[in-house]
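Below: the structure, in structure tokens.
Just follow the structure's listing: the first ligand is 1, and inside any ligand the first atom is 1.
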Amino acid sequence: MASKKPEAFYRVEDGIAIITLNYPPLNALHPLLLRSLFDQLRRAHSDPTVQAVVLTGANNNFCAGFDINQFQNPDAGAGGGIDNTINDSICEVLEGGAKPTVAAIQGVALGGGLEVAMGCNARIATPGTRLGLPELQLGIIPGFGGTQRLPRLVGLAKAAEMMLTSTPIKAEAGLKLGLVDAVVPAEQLLPAARALARDIAAGRKPRLYSLTRTDKLPALGEALATIEMARAEANRRARGLRHPQLCLDAIQAGIERGGAAGLAAEGAAFAAAASLPTHKALVHIFFAQRSTKKVKGVTDVPGLKPRPIRCVAVLGGGLMGSGIATALVLAGVEVILKEVNQGFLDAGMGRIKANLQSRVKKGAMTSEAAAKALSLVTGALDYSGFGAADMVIEAVIEDIGLKQRIFADLEKSCRPDCILSTNTSTIDIDLVGAKMQGGPTGPAASRLLGAHFFSPAHVMPLLEIVRTSRTSPQVLLDTLALSSRIKKTPVVVGNCTGFAVNRVFFPYTMSAVLLADLGLDPYRIDTVVAGKFGMPMGPFRLNDLVGSDIGLHVGANFVTSFPERVYVSRLIPLLNEAKRLGEKTGKGFYKFDSKTRKASPDPELAPLLAESRKAAGLVQPGAKPPALTDADILDFIFFPVVNEGCRVVAEGIVDKAADMDVASVMAMGFPAVKGGLIFWADLVGAQRIVARLRQFAAMVGPTHAGFFKPCEYLVAAAESGRKLSAGPPAAAKL
Ligand code: 3H9
């Protein structure tokens with residue numbers, strides 16, 4: 001069974017045909033596997049010694065769904081070239097063929113995998129098996145009958161929720177809902193499935209047909225009301241995207257006209273969804289996210305294995321440090337939390353406890369598990385226990401001098417093999433290590449790197465791993481393994497001010513501030529950026545979340561490092577002077593309700609805006625601001641962001657352009673449905689972006705034109721027609 005070929009194996013045991021899906025690692029439904037499954041089903045039905053069929057999967061998994069690679073295969077055609085004649089027939093034969101079928105499921109049954117299992121007359125799963133229809137996360141809808149069978153097995157409301165959120169459930173929950181008929185330990189899976197198949201064949205147990213069942217469906221009026229609510233919820237979540245509505249169209253057709261008509265409607269809705277650009281963008285992000293784990297010169301070095309990281313010392317128990325510590329203990333990693341005095345240490349411990357308790361409240365973990373996680377943290381006020389640490393993550397304030405002193409101390413206090421990392425969001429890592437023995441070329445330089453988390457660190461999914469020219473492949477590999485253990489998507493980036501993520505964040509904020517200085521309303525800008533473009537929040541609301549003080553501090557690093565392309569305004573300093581630091585002080589660009597924390601526009605902002613505009617001198621006093629449409633605002637904000645993203649790609653700060661896409665989606669909140677920053681820029685076209693940047697440069701005049709100057713990489717792409725996502729020719733990396 002070690003074959004890597006997509007094929008379904010066939011064997012007969014005591015009159016039961018066992019058909020095993022095989023295509024490592026997760027038995028995805030490659031067209032050849034589907035064809036082979038179809039052939040083996042026909043073989044079982046025509047084999048007189050066979051009474052019933054058990055369908056199972058090799059490689060400790062049932063099936064992760066249709067082979068997503070096919071969606072990117074140009075030869076496969078739209079929607080992965082799915083051959084509906086076979087696929088519809090497979091479920092038809094599984095469900096209503098001459099012999100009953102039972103699915104024996106372990107690991108995952110997702111998408112087409114679950115749909116095939118739902119086509120069977122019964123399902124048995126092992127504990128913890130993940131069952132779901134996550135097609136919407138790929139911009140398509142279930143296409144092997146899932147929109148019809150899932151509501152009939154688990155009820156309409158639950159089925160709609162599972163599809164719209166793309167969230168799988170565990171087998172145990174599936175048992176309660178009726179999605180599976182039994183949950184048994186792995187060693188009993190096949191015997192139990194065989195026994196059940198035999199019972200059904202002998203008429204001792206009923207043979208059930210999920211497509212025609214109606215017992216779990218509500219009456220028509222109630223069902224239509226449920227679908228209406230689901231449509232509204234989908235619109236709220238997915239901001240007007242089409243494919244969730246197409247999914248609900250198919251479900252509704254089946255409710256109104258029966259399962260068979262629903263299948264036909266599903267086929268049409270699937271084809272419509274597969275032709276939308278959203279689908280291409282989401283499939284791109286799916287693979288881009290997986291490819292960040294593969295780093296040239298690190299994960300492909302023969303014989304190089306990650307060393308276990310059992311204990312991590314976290315320096316600083318503030319918001320970041322406590323979040324990082326929480327992420328670590330949630331994955332079972334021991335933590336030493338160091339603070340400068342007992343008061344700060346107690347506060348840090350309190351934050352970790354609160355983070356864990358909030359997970360208990362949400363039902364994400366039990367209170368016993370939270371207590372166990374908390375017991376993994378030891379407090380420290382000095383470095384005496386640091387000999388136990390396999391890695392240090394420094395998360396103190398962004399003060400270069402302080403960080404340099406800390407790393408000089410760490411070099412002396414930690415084992416020579418201990419990884420030394422900093423959570424700085426912007427400061428050059430070599431600068432952080434400058435006071436260690438020999439500085440950036442000294443003996444500890446090979447174990448120094450950046451481990452940049454995003455706030456809240458136990459929630460946000462990205463870890464930006466910053467390598468210097470000296471960081472060793474071993475240290476990078478260890479950190480990659482840690483990131484996967486703590487369930488973060490890693491992006492390995494090169495060293496510079498701001499790395500990848502904050503490099504693209506700074507023009508995002510600065511262009512918004514520039515628009516405000518031109519006289520535009522910040523609240524309108526936020527509405528356009530969040531509501532129209534789909535960012536989680538606009539730049540001014542984000543400022544209030546992060547804090548005007550942090551914004552000022554971080555912005556200063558960019559002003560120092562990239563003076564030729566920054567926009568310096570009085571606006572953020574004025575907010576700082578007025579103690580309008582954002583949510584934490586109850587006022588920033590917005591004012592915050594003291595009880596609900598809800599943000600609302602604040603008329604008291606007006607004098608600060610006026611003062612900043614006066615200082616900027618971009619428009620004459622009393623003159624009207626430029627008449628920019630919503631589309632102009634989006635170009636004004638996002639094209640400088642693309643421009644900086646292109647510099648990051650061209651300089652080789654990211655390994656590949658797709659890494660910039662992942663970083664922008666997972667840390668910045670750039671809409672995944674647009675495929676990430678560079679993928680989207682290619683759709684817009686480099687030529688248009690360059691032309692618009694030049695228009696904006698002319699609009700703001702020569703003093704600020706540098707902010708919009710298109711970089712060489714972008715100009716070259718505009719002139720040559722080369723895709724921005726292709727990355728620079730290897731020799732051309734700066
Ligand atoms: C569908 O079914 C449509 C149907 O309705 C039919 C329509 C007509 N195909 O994520 P991991 C690979 S659409 C191909 O690193 P994890 C993945 O690329 C499909 N490859 O592991 C990776 O490869 P590599 C609906 C797939 O443990 C390797 O498996 N299904 C597929 O973190 C390991 O994956 C989905 O949307 C696939 N379907 O997470 C499920 N799935 O090692 C998509 C995985 O070369 N998959 N691979 O990088 C997932 O969500 C996660 O992979 C899963 C495992 C949760 C399964």
Side-chain angles (χ1 to χ4, degrees), residues 4 6 21 23-34 37 57 59-73 76-91 105-119 128-150 162-163 165-170 243 246-247 250 263-264 266-275 279 282-295 299-300 461 480 483-490 658 662 672:
K4 292 208 159 155
L21 301 169
Y23 186 31
L26 300 174
N27 312 320
L29 297 172
H30 185 280
L32 290 175
L33 179 55
L34 283 163
L37 168 60
N59 313 305
N60 298 321
N61 275 287
F62 186 73
C63 170
F66 186 71
D67 180 1
I68 300 170
N69 292 293
Q70 297 305 309
F71 295 134
Q72 287 195 325
N73 175 359
I82 289 170
D83 178 353
N84 276 326
T85 48
I86 295 187
N87 305 324
D88 290 350
S89 309
I90 287 174
C91 285
I105 311 168
Q106 59 179 330
V108 292
L110 297 174
L114 180 61
E115 293 177 284
V116 167
M118 290 192 294
T129 290
R130 282 177 285 173
L131 311 160
L133 294 181
E135 282 88 343
L136 266 70
Q137 75 181 359
L138 299 170
I140 46 169
I141 72 161
F144 289 169
T147 61
Q148 305 307 308
R149 289 191 176 88
L150 191 61
M162 283 173 69
M163 286 184 252
T165 61
S166 290
T167 309
I169 57 170
K170 293 263 172 76
H243 67 286
L246 286 166
C247 180
L263 281 186
E266 181 190 89
F270 179 90
S275 66
H279 168 52
L282 288 171
V283 169
H284 165 72
I285 283 295
F286 177 85
F287 284 113
Q289 200 182 328
R290 273 141 192 93
S291 76
T292 64
K293 292 177 202 135
K294 294 164 195 164
V295 182
T299 50
D300 55 0
L480 279 167
S483 82
S484 132
R485 184 163 170 200
I486 62 175
K487 299 195 171 58
K488 304 280 178 212
T489 296
V662 174

**Report entry** Spatial distance of atom CG (L29) from atom CG (L34) [nearest 0.5 Å]
**Finding:** 4.5 Å
Report summary line: For A274 and I140, the nearest pair of non-hydrogen atoms, with its separation, is CA-CG2, 3.9 Å
**Report entry** Test of proximity, G112 against ligand 1: N or O pairs below 3.5 Å
**Finding:** yes
Requested in this report: Could you list which atoms of ligand 1 come closer than 4.0 Å to a heavy atom of N69?
Outcome: 14 (C)
Query raised in the report: Looking at A28, which atoms of ligand 1 are within less than 4.0 Å of one of its heavy atoms?
Result: 9 (N), 14 (C), 37 (C)
Report summary line: R130 heavy atoms within 4.0 Å reach ligand 1 at atoms 55 (C)
Query raised in the report: For C91, does its backbone N or O pair with a side-chain atom of E115 as donor and acceptor, under 3.5 Å?
Result: no
Requested in this report: Using a 4.5 Å cut-off on heavy atoms from C-beta on, say whether the side chain of T167 contacts that of P134.
Outcome: no
Query raised in the report: Going by distance only, is there an N or O of R290 that falls short of 3.5 Å from an N or O of ligand 1?
Result: yes
Requested in this report: Look at the side chain of H30 and the backbone N and O of Y23, then say whether any donor-acceptor pair between them is shorter than 3.5 Å.
Outcome: no
Query raised in the report: Got an N/O contact under 3.5 Å between G143 and ligand 1?
Result: yes
**Report entry** For N27, the option from N60, V108, L21 that meets side chain to side chain contact (heavy atoms under 4.5 Å, CB included)
**Finding:** L21
Report task. Could you tell me whether the side chain of P25 reaches within less than 4.5 Å of the side chain of N59, counting heavy atoms only? Result -> no
Report summary line: The atoms of ligand 1 lying under 4.0 Å from a heavy atom of K294, numbered in the order shown, are 24 (P), 45 (O), 48 (O)
**Report entry** Backbone of G146 reached by a side-chain donor or acceptor of E266 within 3.5 Å
**Finding:** yes
Query raised in the report: Relative to the heavy atoms of F270, which atoms of ligand 1 are at a distance of less than 4.0 Å?
Result: 7 (C), 8 (C)
Report task. Could I get the full list of side-chain hydrogen bond (donor to acceptor under 3.5 Å, both in side chains) partners for T129, not counting sequence neighbours? Result -> T126
Query - Backbone or side-chain N or O of F66 under 3.5 Å from ligand 1 N or O - result: yes
Query - Close N or O approach (I68, ligand 1; < 3.5 Å) - result: yes
Report task. Compare V116, L26, D67 and give the one whose heavy atom is closest to atom 33 (C) of ligand 1. Result -> L26
Query raised in the report: Any idea which part of A64 is under 4.0 Å from ligand 1, heavy-atom wise: side chain, backbone, both or neither?
Result: both
**Report entry** Sub-4.0 Å atoms of ligand 1 with respect to non-hydrogen atoms of Q137
**Finding:** 36 (O), 50 (O)
Query raised in the report: Has G146 got any heavy atom lying under 4.0 angstrom from an atom of ligand 1?
Result: no
Query raised in the report: When rounded to the nearest 0.5 angstrom, what distance separates CE in M162 from CG in L150?
Result: 5.0 Å
Requested in this report: Sequence neighbours left out, what passes side-chain hydrogen bond (donor to acceptor under 3.5 Å, both in side chains) with N61? Give chain and number order.
Outcome: none
Report summary line: The option among I141, L110, L133 carrying the non-hydrogen atom nearest to atom 53 (C) of ligand 1 is L110
Query raised in the report: Near P142, which atoms of ligand 1 are under 4.0 Å from a heavy atom of that residue?
Result: 5 (O)
Requested in this report: Just let me know how L138 lines up against ligand 1, side chain, backbone, both or neither, with a heavy-atom cut-off below 4.0 Å.
Outcome: side chain
**Report entry** Aromatic plane relationship, F71 with H279 - under 30° parallel, 30 to 60° tilted, over 60° perpendicular
**Finding:** perpendicular
Query raised in the report: Relative to the heavy atoms of P25, which atoms of ligand 1 are at a distance of less than 4.0 Å?
Result: 28 (C), 29 (O)
Query raised in the report: For atom 35 (C) of ligand 1, which candidate among P134, G111, P24 holds the nearest heavy atom?
Result: P134
